[in-house]
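Notes to accompany the following structure.
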Amino acid sequence: PVSRWVFMNSMAAKDVETKNEELEETQAPSSKPADANFTGQWELVTNENLDEFMKAEGVGYLKRKLMSVASITLCIEHSGSILRVNAKLPIAEMKQEINLDGSEKTTKNPMGDEIKLSGKWKDDNHKILELQTHNLRTNRTTTIERSMPNAHQLVDVMTNVDGLKMIRTFKRKL
């Protein structure tokens, strides 16, 4: 009877150990959180420091005033390492495809100036995009950090070569 009791308890202990291992495997955190995905339609809500930022970039008074009341809608398709952005502005519609590998491509900004544009992930967790534009006419560079604090908000923090910042906040259109 004692040997049977030892055998039964050792089997029960093995069953508990196996169940614990199975439970740990199903609850184990993934090694890396999911990348941010910017896909969606985004409507501009706030544009902090627009006038001062654009003035420093050489944009004239009338254009700055128009920009301050303009609505912007971004239609973004984010697939893997490609970001396709269609920006709907009152004066134009801009389409850009950005490779998120840091490579540069030449395109135009809303003012019609040629720019070099590049994009890459700023962080290892792929939560913040770093986009960089270099205006070939003015020889000025702007860095944009694009992030999603939550599923319904997109934030662009634009910093020029002088360290001046403009912060644009968008909400997801449903």
Side-chain angles (χ1 to χ4, degrees), residues 18-54 56-57 67 70-89 93-111 113-136 138-174:
T18 302
K19 292 289 183 204
N20 283 342
E21 286 173 4
E22 288 172 4
L23 189 59
E24 285 173 9
E25 286 175 13
T26 60
Q27 292 178 343
S30 63
S31 60
K32 181 178 173 256
D35 296 351
N37 188 313
F38 297 94
T39 298
Q41 279 199 337
W42 302 93
E43 190 172 54
L44 182 66
V45 178
T46 62
N47 205 344
E48 299 171 34
N49 205 31
L50 169 94
D51 193 65
E52 188 178 349
F53 185 89
M54 288 301 170
E57 293 302 298
M67 292 170 119
S71 65
I72 300 173
T73 301
L74 300 178
C75 298
I76 300 175
E77 181 187 330
H78 183 181
S79 179
S81 63
I82 303 287
L83 195 69
R84 289 179 188 85
V85 181
N86 182 10
K88 295 178 183 178
L89 314 164
E93 191 169 313
M94 272 182 41
K95 293 183 180 185
Q96 296 175 328
E97 184 172 298
I98 305 164
N99 294 319
L100 301 179
D101 60 4
S103 62
E104 281 187 336
K105 70 184 323 179
T106 303
T107 185
K108 292 192 179 218
N109 68 13
M111 314 304 182
D113 294 339
E114 277 200 346
I115 59 170
K116 288 200 182 245
L117 174 65
S118 65
K120 64 182 181 179
W121 290 107
K122 181 178 181 181
D123 60 330
D124 291 337
N125 291 329
H126 291 188
K127 298 294 180 197
I128 302 171
L129 281 179
E130 182 177 271
L131 308 170
Q132 197 164 67
T133 64
H134 178 78
N135 188 310
L136 299 176
T138 64
N139 201 31
R140 292 185 59 87
T141 300
T142 299
T143 301
I144 304 164
E145 289 185 6
R146 177 166 287 165
S147 62
M148 287 176 56
N150 61 59
H152 299 287
Q153 186 179 33
L154 182 142
V155 177
D156 281 349
V157 178
M158 305 173 80
T159 308
N160 68 12
V161 292
D162 304 320
L164 196 58
K165 291 186 186 306
M166 176 174 72
I167 301 170
R168 299 188 309 181
T169 304
F170 296 83
K171 70 175 181 179
R172 185 182 296 274
K173 285 179 80 173
L174 302 175

- Query: Passes side-chain contact (heavy atoms from CB on, under 4.5 Å), Leu100 versus Ile98? Steps please.
  - Reply: CA-CA 6 Å; Leu100 301 179; Ile98 305 164; 4.2 Å; yes
Please check if the side chain of [X] supplies one atom and the backbone of [Y] the other of a donor-acceptor pair under 3.5 Å.
X      : Y      : answer
Asn109 : Met111 : yes
His78  : Phe38  : yes
Asn86  : Cys75  : no

- Got Leu136 and Asp113 here, is their nearest side-chain heavy-atom distance under 4.5 Å?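 Side-chain contact under 4.5 Å: no.
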- Kindly give the heavy-atom pair with the smallest separation between Ala70 and Leu44, and that separation in Å.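 Ala70 and Leu44 have their closest heavy atoms at O-CD2, 4.2 Å.
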- Task: Please report the closest heavy-atom contact between Lys120 and Gly102, naming both atoms and the distance.
- Result: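 Heavy atoms only, the tightest pair is CB-N, 4.0 Å.
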- Message: Against Lys165, only a single residue in Asn160, Thr159, Asn49 fulfils side chain to side chain donor-acceptor pair (under 3.5 Å); can you say which?
- Response: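 It is Thr159, the one option of Asn160, Thr159, Asn49 that forms the side chain to side chain donor-acceptor pair (under 3.5 Å) with Lys165.
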- Among Thr133, Asn135, Asp162, which residue meets the side chain to side chain donor-acceptor pair (under 3.5 Å) test with Arg140?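 Answer after filtering Thr133, Asn135, Asp162: Asp162.
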- Message: Between the side chains of Glu93 and Lys88, is the shortest nitrogen-to-carboxylate-oxygen separation below 4.0 Å, so that they form an ion pair?
- Response: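 No, this pair does not count.
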- Measure the CD-CG distance between Glu145 and Leu131 for me, rounded to the nearest 0.5 Å.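 That separation rounds to 9.5 Å.
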- Please step through side-chain contact (heavy atoms from CB on, under 4.5 Å) for the pair Met148 and Trp42, ending with a clear verdict. CA-CA 11 Å; Met148 287 176 56; Trp42 302 93; 4.0 Å; yes
- Task: Kindly check if the number of other-residue, nucleotide or ligand heavy atoms within 6.0 Å of NZ (Lys171) is above 12?
- Result: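 No, because the 6.0 Å sphere around NZ of Lys171 holds 12 heavy atoms or fewer from other groups.
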- Item | Sole candidate of Asp51, Asn47, Asp156 that passes side-chain contact (heavy atoms from CB on, under 4.5 Å) when paired with Met166 |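 Per the side-chain contact (heavy atoms from CB on, under 4.5 Å) rule, the option paired with Met166 is Asn47, out of Asp51, Asn47, Asp156.
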- Task: Determine whether the side chains of Glu43 and Thr73 contain a donor N or O and an acceptor N or O closer than 3.5 Å.
- Result: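 No, no side-chain donor-acceptor pair sits under 3.5 Å.
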- Residue pair Gln96, Lys105: steps toward the side-chain contact (heavy atoms from CB on, under 4.5 Å) verdict: CA-CA 10 Å; Gln96 296 175 328; Lys105 70 184 323 179; over 6 Å; no
- Task: Apply side-chain contact (heavy atoms from CB on, under 4.5 Å) to the pair Val85 and Arg146, showing each step before the final yes or no.
- Result: CA-CA 13 Å; Val85 181; Arg146 177 166 287 165; 4.2 Å; yes
